[in-house]
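Presented below is the structure to which this report refers.
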2 protein chains.
Amino acid sequence: MATRTRRSQRRTEALSRERIVEAAIELLDAAGEGGLTFRALSERLATGPGAIYWHVENKGELLDAVTDAVVADAVAGGAVSGAAGAGEAGGEASEATGAVGALGAGGLPGAARDGIRAVALGLFDAIEEHPWLATQLATQLSRSPWGTVAPRLFESIGRQVRALGVPQDSWFTATSALMHYILGAAGQNAANSASSRALPPDVDRDQFLDTVSTAWEELDPDEYPFTRSLAPQLRGHDDREQFLAGITLILAGITVVHPPAG
Amino acid sequence: MATRTRRSQRRTEALSRERIVEAAIELLDAAGEGGLTFRALSERLATGPGAIYWHVENKGELLDAVTDAVVADAVAGGAVSGAAGAGEAGGEASEATGAVGALGAGGLPGAARDGIRAVALGLFDAIEEHPWLATQLATQLSRSPWGTVAPRLFESIGRQVRALGVPQDSWFTATSALMHYILGAAGQNAANSASSRALPPDVDRDQFLDTVSTAWEELDPDEYPFTRSLAPQLRGHDDREQFLAGITLILAGITVVHPPAG
DNA sequence: ACCTGAACACCGTTCAAGT
DNA sequence: ACCTGAACACCGTTCAAGT
């Protein structure tokens with residue numbers, strides 16, 4: 001949320017790493033991965049391409065910084081205020097499990113479950129707002145799990161896993177499963193919001209799902225019987241609801257396979 | 001497996017889409033994502049850069065074709081012969097759940113579970129053999145879920161989900177959860193095998209895990225208490241075992257939340 | 001200490017010209 | 001129908017030179 005501050009750079013303040021990261025996010029949001037260029041960036045910042053290299057090692061490091069900034073924002077918001085930034089798109093899907101207890105009370109499994117949903121939705125929303133984030137996260141996590149992003153995600157998800165009462169020697173497994181699902185599913189869902197952003201969201205969405213659904217229906221019946229049978233289900237579905245249903249699934253698995261030590 | 005056929009191109013046969021894809025995979029395997037260049041590719045194929053454009057629309061389409069070819073190979077091998085292409089790296093981790101039933105008998109939940117593990121390991125191995133595949137899959141899935149790769153994955157995973165007896169209206173949720181976990185976890189695990197491939201695999205691995213583990217131990221105790229506590233667990237762990245433990249988790253969740261109808 | 005901007009090496013892509 | 005290879009526009013990065 002603390003992302004969009006300055007509109008069009010007016011070379012008033014000095015260049016800084018923060019301002020560079022901020023401008024880079026704006027470029028990525030506006031024009032996608034291909035939109036981030038040192039030339040475009042320096043133009044936006046009213047400077048030369050070389051100037052950026054004083055504050056940033058290279059493009060890879062810039063992308064790391066940008067990803068880290070957005071993720072930090074997302075998990076912070078999610079952990080504190082619940083489903084932060086959810087906007088009007090949602091719907092109530094958290095009843096899918098039969099919601100247990102209210103948020104705020106510490107230590108109870110129900111609160112932990114809600115906490116996990118909050119973190120998950122925080123990332124879900126961040127990826128929806130910044131569609132380039134999905135690919136960037138995959139790249140960075142598979143390239144350097146020792147970076148700053150992986151610990152951030154592990155920490156925010158893992159604390160809730162711990163609060164769930166999962167025995168310690170299963171923390172890694174449980175946290176990893178949640179993290180991978182969240183990133184993968186959120187990325188998948190970002191596909192449509194990525195295409196066009198200005199149109200009325202529901203029209204756009206339905207059209208998109210209809211296209212995919214139709215494409216699936218036209219697959220070879222011998223090679224893709226299962227996928228074809230999934231097409232109608234795809235047409236009607238609600239992204240958020242599906243996403244949370246997956247979370248519920250994994251939470252149930254965690255509870256069954258790694259019941260609270262007692 | 002049907003991947004490495006020709007070693008050094010000898011301009012004997014005519015150019016073809018297949019030979020281009022094949023050479024592209026070799027370049028990606030040898031030098032990573034940055035290694036795939038139309039100039040390097042045309043040199044390897046003993047032709048000019050322009051020639052490639054007769055068979056392939058552009059670089060994006062080439063990457064799609066390459067990804068599709070490798071995935072097709074992976075899921076085909078996984079579905080037919082179990083953990084195909086596992087090589088000598090593995091270890092027996094499938095006992096983690098207490099293996100149920102033998103592969104080959106159709107329709108039983110135990111066989112379906114083994115089938116899912118086989119598909120999962122097929123993708124796991126493919127990503128380990130071609131580390132660039134993880135990022136490429138994330139990119140492609142989040143960009144075009146109507147492409148050829150998504151249906152391929154859905155189909156091979158979903159058939160096993162159906163065989164598990166999951167009721168139809170939960171197929172999408174269950175299959176998605178498995179798919180996202182598989183891709184995410186396999187990608188994460190590819191990080192180390194990506195770094196250096198020629199060295200003795202175990203030495204390399206231990207060194208890598210040690211580095212990450214140490215980095216985690218040095219995190220701020222106030223901000224990252226959970227992640228720090230995970231460090232020792234990281235040091236000893238076995239990639240394959242962890243991966244399969246996650247699969248077990250999700251399978252359990254599926255069975256609990258969506259029990260077989262009837 | 002921080003910024004400028006020309007220059008370098010390299011990239012994806014195009015296209016007139018060949019066979 | 002298929003290939004050649006020079007050319008174009010663009011990119012990340014460097015670095016001598018400025019302040």
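Every chain is numbered from 1, with letters handed out A, B, ... down the list of sequences. Being a predicted model, the structure only gives us computed values, none of them experimental.
- Protein atom CG of L45(B) is 14 Å distant from nucleotide atom P of dG5(D), rounded to whole Å.
- If you measure from atom CG of N58(B) to atom C1' of dC15(C), you get 17 Å, rounded to the nearest angstrom.
- Q188(B) and S142(A) form no side-chain donor-acceptor contact under 3.5 Å, judged by distance and modelled atom types alone.
- Pairing for dC15(D) goes to dG5(C), judged as Watson-Crick or G-U wobble with the two contacts each under 3.5 Å.
- Across every non-hydrogen atom of E61(B) and E57(B), the tightest pair is OE1-N, 2.7 Å.
- Taking 4.0 Å as the cut-off between side-chain N and carboxylate O, R228(A) and E223(A) do not count as a salt-bridged pair.
- Whole-Å rounding puts the Y53(B) OH to dG5(D) C1' distance at 14 Å.
- Annotation: the span from R44(B) atom CZ to L36(B) atom CG amounts to 11.0 Å, rounded to 0.5 Å.
- The CD-P distance, from E43(B) to dG12(C), rounds to 14 Å in whole Å.
- Applying side-chain hydrogen bond (donor to acceptor under 3.5 Å, both in side chains) to D64(A) and the options K59(A), Q136(A), R143(A) leaves one that passes, R143(A).
- Here the side chain of W54(A) is nearest to one of dC3(C), dG12(D), dG5(C), namely dC3(C).
- Residue pairs meeting the ring pair (Phe, Tyr, Trp, His ring centres under 6.0 Å) criterion with at least one partner in residues 52-74 of chain A, sequence neighbours excluded, are F38(A)-Y53(A).
- Per the geometry, NE2 belonging to H55(A) stands 7 Å off C1' belonging to dC2(C), to the nearest Å.
- Within residues 32-42 of chain B, the residues approached by DNA chain C to less than 4.0 Å at the level of any non-hydrogen atom are L36(B), T37(B), F38(B), R39(B), in residue-number order.
- Here dC10(C) sits opposite no nucleotide as a Watson-Crick or G-U wobble pair (both hydrogen-bonding atom distances under 3.5 Å).
- We find that CD of E57(B) is positioned 14 Å from C1' of dG12(C), with the value rounded to whole Å.
- One atom, CD1 of I52(A), and another, P of dG12(D), lie 9 Å apart when rounded to the nearest Å.
- Among dG12(D), dT13(C), dC3(C), the nucleotide with an atom closest to any side-chain atom of K59(A) is dG12(D).
- Two residues are said to be in side-chain contact when any heavy atoms from C-beta on lie closer than 4.5 Å; W216(A) and F154(B) meet this criterion.
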